[in-house]
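So you know, we letter chains A, B, ... as the sequences are listed, proteins then strands, and number each from 1.
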Amino acid sequence: METLSNYTHIDVKTVEEAVSALSNNGVAACVNAGGTDLIGTMRFHVLPNDLYPKVVVNLKNITPNLDYIKEEGGTLKIGALTRLEDIAKSSVVQSKWAALAEAARKTASPHIREMGTIGGNICQLNRCWYFRKKDNRFDCIRKGGNMCYAMAGENRYHSIFGAVNACVAVNPSDIAPSLVALNATIKTSKRDILADNFWGYAIPGSTVLEQDEIVTEIQVPAFSGKSAFVKFALRSSIDFPIVNCAAAIDGSNVRICLNAVHNLPYRATKAEEVIKSGTINEENAEAAGEAAVADAFILPASKTNPGNKWKVQVAKTIVKQTILACK
Amino acid sequence: MTTYYGIESGEEYKPWLWKVPENAKYIGKPGILRHDGYIKASGKALYSADKIIPGTLYARPLTSPYAHARIVSMDSKAAEALPGVRKVIRWDTPGIIPGVIKNEASTYDLPVGAMVIADSDLICNEALNLIRQNTEWEELPFSVDWDTVLDPNSPLIFPDQNPKSNLIYERKITFGDVEEGLQKADNILEWEKRDDIDSFMNAGSVQSLTNYDKSNNTLEVIGNNQFPYQVTPIYLMMTGVPFYKIKEPDVWRAGTFGGGSSTNLLAAQWSALASMYLDKPVSFSYDGRFERHAEDFGTTKITVGYNDDGTITAIKVWNIQACELEDHIQKINKGLKCENLEITYLKAFSNIGEGYACYKHGAYQCGLHTEVLAHVAEELNMDPTELALINDGCYGHSMEWIKENIKTKYGFDASRDSLKEVLAIGKEAIGWNDKWHAPGTKILPSGNYHGIGFSWQIAWHHRPDDSNARYWDSLERFDYGPIALRVMGNGNIKLTASLADVGINRQSTYAAIIADEVGVNIENVWIYPADEGTFTVRIGGGSRGLTSNSTLLIRAARKLKNQILETALYFTDANGKLYFESKTKEDLDIIDGEIFEIANPSNKFPLASMAAFQFVQNMNDKTNKSRELVVTDAAPIIDPELKAYTMCRQAYFMEVEVNPDTGRIIVNNLVVVNDVGKIISPETIRGQQLGGSYMGFGRSCTEELIWDSSTGVRLNDDLINYPAALIDDIPGKIDCYAIETGLGWAPYGMYGVAESAAAVGATLTRYAVHNAIGKWVNLKTTPAKILKALGKA
């Protein structure tokens, strides 16, 4: 069996202790919530030795615990350690923030949803088989190397909106686009960050979180419109998305976000404009889909590599389907 | 007249004529308790990776980060100095068995150069990390594209083996005269396809535990192989330890199909090497998978001659890189009446790993005739099921000829026509007559294309004594046993059989046959691991487990029953009075474990009583004359001149929707119809059908091995990036049917089910998608390819 390398496991009881543990151990430390992404990353030695976690800070024993779903003053508040299965099954979330409930329901498989947390889901590392190859096989740019292997290599599942810092890996979170669409705020141990601004490029991370900063709560403002989430993956049973999309439409307030199509969740503002200026119907949804991929950037294909052009077609369709689901 | 323990005279070597006992309680009945159910469901079943020998060390290999490379230098001192490391064995370590560890790798992730032996897996990995940092490689020419390796300008991959090209061999197999067949055809059709490769996965890890005892020169070996005894010669050749000193404790083996798998053999060799070097038990494990599916891919050019009425007159096939294409043409030869066949196959060097047959294998073999008929049907605008019936046959003969010359001659029910029957059931179940349409002509209200496809085949065909699928014409008896059945002191019947866990529910089917043949309850048939006896039913399961072993099982069971009844004639009550005075064994029978007089059923006693008495008597017997109820037997030799015409057929139907905007395939209905000849366990067949259905589906459209062409590194050798389908990926219903025509050559007319559904399912999606969108999409039928075929990507 592939095994974890030696590391120090720290159980913390409070958010402050967690922050302190991270602060004290610098880049060698990371946090563990459900562990469904982290443990695999460690087992397969995805990262170079200098980035391999030497200290893992366990958040699961924090009190007051960060596992809750509540509605306060119309705002949905979800603790960072709330499991995805609980969000998917929450009648409160289902009734008022349907896109989020559906995104949670479509994430991975039942077993992983019972382990994986919302905080972990939005902080997971990006997906790219070069970046994630075991034993740090490819010293890619996202690990501090010099090149992106996917750019001219096997890129069928990669970004259709170009690179960020020359990296075309995609953010695979199903939760992320729903939070962007629902205009959520991510509360951390240091600050409140709008979902629009939460994700960013880092080596090797996927968020703007600082090294000693952890997510504590997700807040989703009251929403009286209709929201929806649609996911396209190779398998319906369990898979990361090829493309997913969340939309929240309340009159002229329209927010549409794609994911797995770019380094960061991709706000489809051109599609939003189409819907803002018209009603939700087949024709407008089609036009919005076209608009959503207007800025697509096709990566090269080859005899054995279909390239990622097909993802543009899928993204266009998924945007349309998501909008129509908000009708 | 009975000549062989219940087998009629003239039927000794015709097991297909043997009948199920009249009072059978288990054969063919549903709801039979699964023999291995509790031990597995409770987690008590001991698998190879669970086996622990005190003092075991752990070993892991260095693996190649390159598709083809040679180690130039390696500094392993830091690894050797790591606490807990017992030894680093390298290719250049003095005194090791030569040739096991090489310093050149021909595939990414291939074990190469060194192996760390340490107190734990964790330490091994830490040490290997240090070795990686201190190893210098020389990269060598490679190719992961089988289409281009034979181009004149392609670099030579192994010039030491072929200095002129990358060709390994070119072979041609011919039946009849294909050129003449093409000439006399009304029409000729040619096409080419390139099918991508899929992988295979084991439920268990690649693992081998070897315990070498230097003082006694003995080996104890536990590997994850389907046929552990096939690995024994490897140990013998490697170590010089004689056969009789090599012990193989039998444990459950987690779904490893393929006893000769290179990965498994490598694990066996490396663990033996380490154990001998250190004189300690060593558990070798390896997470990689340098093999890939062997048979079912490649680039294929097909030329077909056909008449206007749909009769195929000639089939000519050219293929590169598939493995064992001989099987392909053999399957066509056994499933069509077309007598003019020719296949040319080229095998070339590449660096995509060794090919090996495994569960789900055989799709190409099974699919080639469907491929031919589907294309011809499209050209003629004919229903492909009708075309199948027109061309059904075997060895160049029509089914009409087979009816007269085989079925009648050898005692089969000549009124049965398997393909007609499975097609009728399948078509009715899926509503074929209402739903089939010309390709690309039906769009549903949702905007999705509607498609319906069908495939059929002859597999899985196994002769009662067939040991090697490649030589189906041959009736040579291979070493299957021998078998031994013994009545234990408690009255239970003991069978010794390998635990290899391939296929499902093998133990229950063995137990059902023995129980019904002897006349005891199924819970009184106990199956013991193979290492507990010399007389072992060695085929653990897999493609030919039941059909092959049932000849042995039935003969031995009938022999045992005969012995029990003969002994019963001398059994007395407590007063010394014979139970069956003046009777013969023909006057007696056994039901529910009770031996009774047929004319007077109340005159009876339990087999267990007699067994216990025999046991005690043996203990006190000063003459050393054993009275144990034990029989041994071996498989009979069947008529070597008999040609194995295949007469059972399997049909598969799939109804799909294809979203033209995403390329997504939605399976609304899958219908699986197997003519198994004779059903032993309905649940087992259904399990194989259901399991095979989703595995085959995944293999047709989600599973695809992907290499980075610039480095030769396989990118998706894990279960996240290699999306094997699950049962939930078929959202529609799966209807499973099994029929019994008795047209199999195995006992009771059995034919088997095996991996049929998995193999055929792997091609079926192609035909359903073609019917939907009107375009041919090569395997794997991914959304990307479908969108491209539709001009949308």
Side-chain angles (χ1 to χ4, degrees), chain A residues 1-6 40 43-45 49 52 108-110 127-130 132-138 149-150 152-154 156-157 172 230 232-240 242-243 282 286 289 298 301-318 320-321, chain B residues 49 60 63 65 108-109 120-126 128-129 132-133 144-145 147-148 194 196 205 207 285 287-288 659-664 666 694 698 701-702 706-711 713 715-718 720-721 723-729 731 782-788 790 792-793:
Chain A
M1 297 285 287
E2 294 283 0
T3 54
L4 303 171
S5 288
N6 282 323
R43 270 189 64 199
F44 290 100
H45 298 261
N49 287 339
Y52 191 93
S109 67
R127 282 269 150 202
C128 164
W129 41 30
Y130 293 97
R132 294 245 182 191
K133 192 66 194 165
K134 70 176 182 179
D135 297 329
N136 184 32
R137 173 60 180 81
F138 294 99
Y149 292 83
E154 282 289 344
R156 65 189 71 185
Y157 303 131
V230 175
F232 182 88
L234 283 184
R235 296 173 294 182
S236 52
S237 57
I238 172 174
D239 246 335
F240 287 101
I242 302 290
V243 178
E282 184 85 13
E286 177 88 26
I298 308 301
S302 69
K303 187 177 113 186
T304 55
N305 167 32
N308 66 352
K309 187 179 175 187
W310 69 286
K311 274 187 69 169
V312 177
Q313 168 64 33
V314 173
K316 185 170 67 177
T317 306
I318 296 302
K320 175 185 169 184
Q321 290 177 353
Chain B
R60 293 183 66 82
T63 58
Y108 166 73
D109 211 27
S120 72
D121 270 343
L122 174 64
I123 298 169
C124 286
N125 284 340
E126 296 291 340
L128 286 168
N129 204 11
R132 275 189 212 104
Q133 293 168 31
V144 288
D145 180 4
D147 267 351
T148 58
R194 182 189 196 279
D196 290 314
S205 62
Q207 188 265 348
S285 63
D287 299 311
N659 186 316
D661 296 319
T662 62
R664 179 191 290 283
I666 303 157
Y694 74 84
C701 59
T702 64
I706 295 164
W707 287 268
D708 174 59
S709 58
S710 66
T711 60
V713 170
L715 295 172
N716 61 344
D717 52 355
D718 57 76
I720 291 177
N721 289 304
L726 309 178
I727 192 79
D728 287 347
D729 293 314
T782 59
K785 286 182 185 168
I786 290 172
L787 290 174
K788 188 171 184 182
L790 292 170
K792 295 186 176 181

Problem set entry | Ionic contact status for Asp109(B) with Lys134(A), cut-off 4.0 Å |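 Answer for the salt bridge query: yes.
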
Name the option with the most non-hydrogen atom pairs under 4.5 Å to chain A; the candidates are [options].
options: Thr63(B), Leu726(B), Ile786(B); answer: Leu726(B)
options: Ile727(B), Asp145(B), Thr148(B); answer: Asp145(B)
options: Ile123(B), Val144(B), Thr782(B), Asn129(B); answer: Asn129(B)

First locate atom [atom1] of [X], then atom [atom2] of [Y], and finally report the distance between them rounded to the nearest 0.5 Å.
X: Lys792(B); Y: Thr317(A); atom1: NZ; atom2: OG1; value: 7.0 Å
X: Leu787(B); Y: Trp310(A); atom1: CG; atom2: CH2; value: 7.5 Å
X: Thr702(B); Y: Asp239(A); atom1: OG1; atom2: CG; value: 8.0 Å
X: Asp661(B); Y: Lys316(A); atom1: CG; atom2: NZ; value: 7.5 Å
X: Lys133(A); Y: Asn716(B); atom1: NZ; atom2: CG; value: 7.5 Å

Check [X] against [Y] and note the closest heavy-atom contact, atom names and distance.
X: Asp728(B); Y: Ser237(A); answer: CB-CB, 3.7 Å
X: Phe232(A); Y: Arg664(B); answer: CD1-NH2, 3.3 Å
X: Leu122(B); Y: Ser5(A); answer: CD1-CA, 3.9 Å

Considering only heavy atoms, which portion of [X] lies under 4.5 Å from any heavy atom of chain B: side chain, backbone, both, or neither?
X: Lys311(A); result: neither
X: Ala233(A); result: backbone
X: Arg156(A); result: side chain

For this session: Tell me yes or no: between the side chains of Asp121(B) and Thr3(A), is some donor less than 3.5 Å from an acceptor?
Result: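 Per modelled atom types, Asp121(B) and Thr3(A) side chains form no pair under 3.5 Å.
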
Between [options], which has the largest tally of heavy atom pairs under 4.5 Å with chain B?
options: Val243(A), Asn49(A), Leu4(A); result: Asn49(A)
options: Ile298(A), Asn6(A), Asn308(A), Asn305(A); result: Asn6(A)
options: Lys309(A), Gln321(A), Arg235(A), His45(A); result: Arg235(A)

For this session: Give, as side chain, backbone, both or neither, the part of Ser709(B) having an atom under 4.5 angstrom from any heavy atom of chain A.
Result: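 Contact with chain A: none, neither part.
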
For this session: Counting only heavy atoms closer than 4.5 Å, note whether Ile706(B) contacts chain A via side chain, backbone, both or neither.
Result: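 For Ile706(B), the contact with chain A is made by the side chain alone.
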
Exercise. Can you name the side chain to side chain contact (heavy atoms under 4.5 Å, CB included) partners of Thr711(B), sequence neighbours left out?
Worked result: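 Residues passing side chain to side chain contact (heavy atoms under 4.5 Å, CB included) with Thr711(B): Arg137(A), Phe138(A), Asp708(B), Val713(B).
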
For this session: Could you list the residues that satisfy side chain to side chain contact (heavy atoms under 4.5 Å, CB included) with Ile720(B), not counting sequence neighbours?
Result: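 In terms of side chain to side chain contact (heavy atoms under 4.5 Å, CB included), with neighbours along the sequence ignored, Ile720(B) is linked to Arg127(A), Phe240(A), Asp718(B).
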
